[in-house]
Amino acid sequence: MLVVMMLFVTLLILINVVVIFGLTKGKQTRQKLLNGLLEMYKDQKVEKYYDLSLLGNYYTRYNLFMMVVVLTGITAIVVPFVLR
């Protein structure tokens with residue numbers, strides 16, 4: 001039974017690592033795309049129509065997603081050990 005539990009814990013950790021890596025890459029990609037878009041807006045003299053405070057909101061959103069993934073993973077690991 002312990003072997004099965006350890007396999008599931010290992011799987012949970014690997015899944016969380018992959019998800020966090022994916023979120024981090026998505027965050028970097030979004031930043032690059034938005035930087036290009038903002039440069040294009042500046043070139044066309046329409047940057048005043050883009051609210052720069054959105055950039056901070058996007059950053060916060062990705063951090064919250066990562067926090068949820070980590071906390072869900074920790075909970076999924078701890079609860080079975082407590083119930084055991």
Side-chain angles (χ1 to χ4, degrees):
M1 192 59 133
L2 184 62
V3 173
V4 173
M5 189 177 272
M6 294 315 273
L7 284 172
F8 277 110
V9 167
T10 303
L11 181 62
L12 274 167
I13 291 170
L14 289 173
I15 288 171
N16 277 307
V17 166
V18 168
V19 170
I20 290 172
F21 181 75
L23 284 170
T24 302
K25 284 296 181 185
K27 185 177 176 181
Q28 292 169 352
T29 301
R30 180 199 35 81
Q31 186 64 47
K32 288 177 184 178
L33 289 169
L34 283 175
N35 286 343
L37 185 65
L38 290 172
E39 286 300 315
M40 186 173 58
Y41 286 172
K42 287 177 188 172
D43 289 346
Q44 297 299 315
K45 310 274 191 279
V46 293
E47 71 272 11
K48 66 181 177 182
Y49 299 110
Y50 189 85
D51 185 2
L52 291 178
S53 69
L54 289 174
L55 298 177
N57 293 345
Y58 293 143
Y59 182 79
T60 301
R61 184 180 67 178
Y62 269 89
N63 287 339
L64 289 172
F65 284 156
M66 281 193 262
M67 189 183 326
V68 166
V69 167
V70 169
L71 292 175
T72 303
I74 290 171
T75 302
I77 291 170
V78 170
V79 168
F81 283 107
V82 170
L83 294 177
R84 189 171 182 261

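Not measured: the values here are computed from a predicted model.
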Output a table of donor-acceptor pairs, distance under 3.5 Å, between side-chain atoms of residues 16-23 and any protein atom two or more places apart or on a different chain; print 'none' if there are none.
from  : atom 1 : to    : atom 2 : distance (Å)
Asn16 : ND2    : Leu12 : O      : 3.0

Review point. Under 4.5 Å between side-chain heavy atoms, hopping through other hydrophobics if needed: is there a path connecting Leu2 to Leu11?
Key: no
Review point. Going through the checks in order, is the side-chain contact (heavy atoms from CB on, under 4.5 Å) test met by Val69 and Ile15?
Key: CA-CA 10 Å; Val69 167; Ile15 288 171; over 6 Å; no
Practice item. Could you check if a side-chain atom of Phe8 sits within less than 4.5 angstrom of a side-chain atom of Val4, using non-hydrogen atoms only? Key: yes
**Study point:** Shared hydrophobic cluster for Met1 and Met6 (ILVMFWY, side-chain gaps under 4.5 Å)
**Key:** no
Review point. Less than 4.5 Å apart, any side-chain heavy atom of Leu54 and any of Leu34?
Key: no
Exercise for review: Check Tyr62 against Lys27 and note the closest heavy-atom contact, atom names and distance.
Suggested key: CE2-N, 3.6 Å
Exercise for review: State, without any angle test, whether Asn35 and Gln31 hold a side-chain donor-acceptor pair at a distance under 3.5 Å.
Suggested key: yes
Revision key, fill the gap. NZ (Lys42) and CG (Leu37) are apart, to the nearest 0.5 Å, by 11.0 Å
Check your understanding: Do Val46 and Met40 come close enough that some side-chain heavy atom pair is under 4.5 Å?
Key -> no
Review point. Is Ile74 linked to Val82 within one hydrophobic cluster, defined over Ile, Leu, Val, Met, Phe, Trp and Tyr using a side-chain heavy-atom separation of less than 4.5 Å?
Key: yes
Point to revise | Qualifying salt bridge (Lys or Arg N to Asp or Glu O under 4.0 Å) pairs, either residue in residues 45-64, two or more places apart | key: none
Exercise for review: Could you state whether Leu83 and Met5 fall into the same hydrophobic cluster, counting links through intermediate Ile, Leu, Val, Met, Phe, Trp or Tyr residues with side-chain heavy atoms under 4.5 angstrom apart?
Suggested key: no
Exercise for review: Indicate if Leu71 and Leu64 have the same hydrophobic cluster label, given that clusters are the connected sets of ILVMFWY residues with side-chain heavy-atom separations under 4.5 angstrom.
Suggested key: yes
Review point. Is there side-chain contact between Leu55 and Tyr50, with at least one heavy-atom pair below 4.5 Å?
Key: yes
**Study point:** Atom pair CD1 (Ile77) and OG1 (Thr72), whose distance is rounded to the nearest 0.5 Å
**Key:** 11.0 Å
